[in-house]
Structure formats: structure tokens, C-alpha cells
Amino acid sequence: MFAAERRQLILEMVRANGAVSLRELARVVQTSEVTVRRDVRALEAEGLLDRRHGGAVLPGGFTRESGFPQKSHLATAEKTAIADLAAGLVEEGEAIVVGAGTTTQELARRLARVPGLTVVTNSLLVAQALAHANRVEVVMTGGTLRGSNYALVGSGAEQSLQGLRVSRAFLSGSGLTAERGLSTSNMLSASVDRALVQAAAEVVVLADHTKLGTDTMFQTVPTDVITRLVTDEPPQHDDRAATELQALADQGVQIAVAGPGAAGSGADGVPSGRQPRRDMPLPGQRRTHPGGPGAGGLRSAGALADQQSGPAERERARVADLRRR
């Protein structure tokens with residue numbers, strides 16, 4: 001494929017979806033991320049799109065919301081890893097709320113075997129994923145159906161959440177920044193998400209790395225209200241995403257990073273053992289500054305020691321110990 005053809009296809013994907021990751025672009029045009037990044041930089045110079053953390057978005061600063069068909073094919077591997085990790089946060093007998101979105105839909109599929117679980121949701125997709133789970137009770141809000149994301153919105157949905165109290169809320173969105181928190185492109189969806197947050201003691205945000213640093217029109221969850229972020233590991237070159245993660249951590253958000261194999265899953269897609277929770281070190285600059293500011297609380301002392309000591313250091317320590325004996 002010639003460069004002009006690649007760039008035209010990239011531009012069409014961004015226009016259709018609003019935001020696309022470099023990984024997805026490279027997969028579709030069948031080339032490397034380095035080449036795609038060069039193409040995106042050229043298109044940005046022409047004012048046809050804007051670069052974001054690990055991806056490209058429509059120009060103008062605020063991305064528009066993509067429809068469900070487009071979202072369902074974006075960052076599928078990342079959403080699966082995030083859902084696997086987030087499922088380990090849910091205990092038997094809990095009552096939780098789960099918002100609308102393709103990532104929360106993946107989470108719902110993994111919650112089908114949690115005994116005694118009660119899930120309150122405004123998402124038809126979440127409810128459908130749990131429809132045949134005999135040990136899970138599903139409670140749906142009222143409201144008006146919003147066809148683009150199969151969610152119930154409006155005053156009916158908000159009123160049905162009044163007086164509700166659950167342990168956790170699991171939410172997704174269109175963008176996440178340390179400055180504004182979680183945001184979305186639709187006013188009605190944002191209003192319902194805020195009502196879901198008010199019903200929960202803790203707020204868990206599910207967002208893949210392409211949403212980090214992306215800001216959209218309507219704030220749903222301020223950063224100081226977010227308890228935990230479950231995300232995937234950004235590409236090695238994506239220093240801006242790592243910076244955004246560190247800024248979120250500095251504001252008290254617990255960061256859980258899902259990588260390949262972070263949570264084992266059985267043949268039916270349900271996490272095996274149901275214990276995949278782990279707070280991992282941030283990528284990017286924290287790897288080159290293992291003892292730097294902000295590293296505490298996201299990395300265990302054992303993990304730090306393992307990183308600082310290679311095979312040669314461990315061998316010298318073993319020899320020194322034998323000599324002392």
C-alpha cells in the first residue's frame with residue numbers, strides 16, 4: 001500500500017470512529033506502528049487530525065462519541081485484559097453498579113459466575129451479558145433508550161437511582177485526564193453516570209490507554225472522586241500516557257495496569273481463581289527512575305529489589321555469603 005493510500009485509510013478510520021489507537025491503525029493498514037505514527041504526524045501537519053496518547057482523534061480538541069458498532073471493534077485485546085483485571089475486584093454477595101460501554105460489557109461477561117452478586121445498570125448490553133446468570137440479580141434503571149450505546153438515560157434513569165447505595169461503581173467514558181477526570185461526549189450519558197457515582201462508596205474507572213489524556217465535553221467523575229483506574233499498559237514509546245498515569249497517581253488514584261497474562265481465564269472467559277488484582281508499576285519514566293517520586297504505593301519493595309538486582313549482582317551476593325561462612 002502506498003503512503004497516500006495508507007493515510008487516506010487512516011483518515012477515514014478516524015472520521016468514522018472519532019478516535020483510533022496506533023495499534024489498531026497499524027493492524028488495519030498492515031504496517032508497523034512506527035510507519036503509522038509517521039503518517040499520523042503528516043496528517044496532523046495538514047490539520048486533518050490530532051495526535052493523542054497512542055492514537056489519533058478528530059481535530060478540534062474534543063472528540064465526538066463513536067457509535068457502538070465502531071467502539072466494539074476498537075482496542076478489543078486491551079478491553080479484555082482490563083475486564084479480566086477488574087473482575088477480580090468484585091466479591092461474592094456484593095452489590096455494584098455498572099455503567100454503559102463496551103469495556104463494562106466485557107466486565108459483565110466475567111461477572112456471570114459471581115455468587116450472590118447484585119448488579120444495577122442502565123446498560124442493555126450489560127444486562128444482556130448477565131441475563132442467563134442464575135446466581136446474579138440484575139436491576140435495571142428506568143429511562144429513555146439511547147440507541148447509539150444501548151443505554152437508558154434521562155430523568156427516569158436518574159430518579160430510579162435515588163436512595164440507592166452499593167459498594168462500587170464501574171464506569172467507562174470517552175476520555176480521562178488528571179485535570180478533569182472522566183468525561184464523555186453526551187450530556188444525557190454524563191448525567192446518568194454522575195447519578196451512578198453518587199450511589200457508590202467507591203468508583204472504579206475502566207479506560208484503555210487511548211483514552212488517557214483525551215478530554216471530551218461533559219465531565220462525569222472528577223479525579224478526586226475516582227478510587228481506582230484499571231487500564232492497559234501503554235506502548236513503550238508513549239511517554240505522554242505514562243505521564244498522565246503518574247499525574248493521576250499523584251492525585252491519589254490507585255492504578256491497576258493489565259498486561260498480557262495479567263489474569264488467567266478459562267475456556268468460557270471467566271477469570272480462573274478470581275484473584276487477578278494487582279497494582280503494577282507505571283510504564284515510561286518510572287522504569288528509568290525506580291526510586292523516583294511517586295513510585296511508592298504502586299510498586300512492592302520486592303519488585304523494586306528484583307528490578308535493581310540482575311543475575312550478576314545476585315551471584316556476587318551468593319559468593320560473598322559463602323565466603324562469610
Side-chain angles (χ1 to χ4, degrees), residues 1-83 100-106 125 146-151 172-177 183-186 189 206-217 231-245 258-260 283-284:
M1 187 180 296
F2 294 111
E5 294 176 309
R6 280 199 319 270
R7 293 172 185 178
Q8 181 61 34
L9 182 55
I10 289 170
L11 190 57
E12 290 174 358
M13 288 183 64
V14 173
R15 285 173 175 171
N17 299 298
V20 187
S21 70
L22 290 178
R23 290 176 184 173
E24 187 68 12
L25 290 172
R27 184 187 67 80
V28 172
V29 301
Q30 297 182 347
T31 188
S32 67
E33 289 188 26
V34 174
T35 300
V36 167
R37 194 179 305 110
R38 189 183 306 120
D39 291 335
V40 168
R41 190 178 296 114
L43 291 168
E44 183 185 42
E46 297 178 32
L48 298 174
L49 51 74
D50 289 341
R51 284 185 296 164
R52 286 293 183 270
H53 306 315
V57 302
L58 290 174
F62 295 99
T63 60
R64 67 174 178 84
E65 184 179 36
S66 306
F68 171 76
Q70 291 80 22
K71 288 182 179 180
S72 62
H73 296 293
L74 294 176
T76 53
E78 291 86 346
K79 292 173 183 176
T80 298
I82 290 169
T102 52
T103 310
T104 52
Q105 179 188 24
E106 287 296 323
L125 299 176
R146 184 165 179 261
S148 61
N149 64 347
Y150 300 93
S172 188
S174 302
L176 177 66
T177 65
S183 62
T184 188
S185 303
N186 182 266
S189 295
L206 312 181
D208 65 75
H209 73 274
T210 63
K211 297 178 180 178
L212 297 175
T214 299
D215 203 359
T216 50
M217 290 184 68
T231 186
D232 64 296
E233 186 167 2
Q236 293 287 342
H237 60 267
D238 197 348
D239 293 333
R240 291 180 298 177
T243 300
E244 197 72 45
L245 282 175

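Computed from a prediction, not measured in an experiment: that's the story for all the values here.
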Check: Should we count CD of Glu46 as having more than 12 external heavy atoms under 6.0 Å?
Finding: yes
Next item on the list: Could you tell me the separation between the CD1 atom of Ile82 and the OG1 atom of Thr104, rounded to the nearest 0.5 Å?
Entry: 11.5 Å
Margin query: Please check this pair: side chain of Thr214 against backbone of Gly175, looking for a donor-acceptor N/O pair closer than 3.5 Å.
Written below: no
Check: Would you call Ser21 and Asp208 a side-chain contact if the rule is heavy atoms closer than 4.5 Å?
Finding: no
Checklist line | Gap separating the CG atom of Leu25 from the OG1 atom of Thr31, nearest 0.5 angstrom | finding: 11.0 Å
Item checked: Approximate separation, where rounding is to 0.5 Å, of Asp39 CG and Gln8 CD -> 12.0 Å
Next item on the list: Measure the CZ-OG1 distance between Arg38 and Thr35 for me, rounded to the nearest 0.5 Å.
Entry: 5.0 Å
Next item on the list: Using atom types as modelled and distance alone, determine if a side-chain donor or acceptor of Thr216 lies under 3.5 Å from a backbone N or O of Thr184.
Entry: yes
Checklist line | Carboxylate-amine/guanidinium proximity below 4.0 Å for Arg51 and Glu44 | finding: yes
Check: Judged by atom type as modelled, is there a donor-acceptor pair below 3.5 Å linking the side chain of Glu5 to the main-chain atoms of Phe2?
Finding: yes
Note to self: Looking at Thr231 and Ala207, would you say the former's side chain and the latter's main chain have a donor-acceptor pair under 3.5 Å?
What the structure shows: yes
Notebook entry, point to check: Are any side-chain N or O atoms of Ser172 and backbone N or O atoms of Leu206, one a donor and one an acceptor, separated by less than 3.5 Å?
Noted result: yes
Item checked: With Ala151 via side-chain contact (heavy atoms from CB on, under 4.5 Å) - residues at least two apart -> Ala100, Asn122, Asn149
Margin query: Nearest 0.5 Å, please: how far is CD in Glu78 from CZ in Arg23?
Written below: 4.5 Å
Item checked: Rounded distance [0.5 Å steps], CZ in Arg7 versus CG in Leu49 -> 11.0 Å
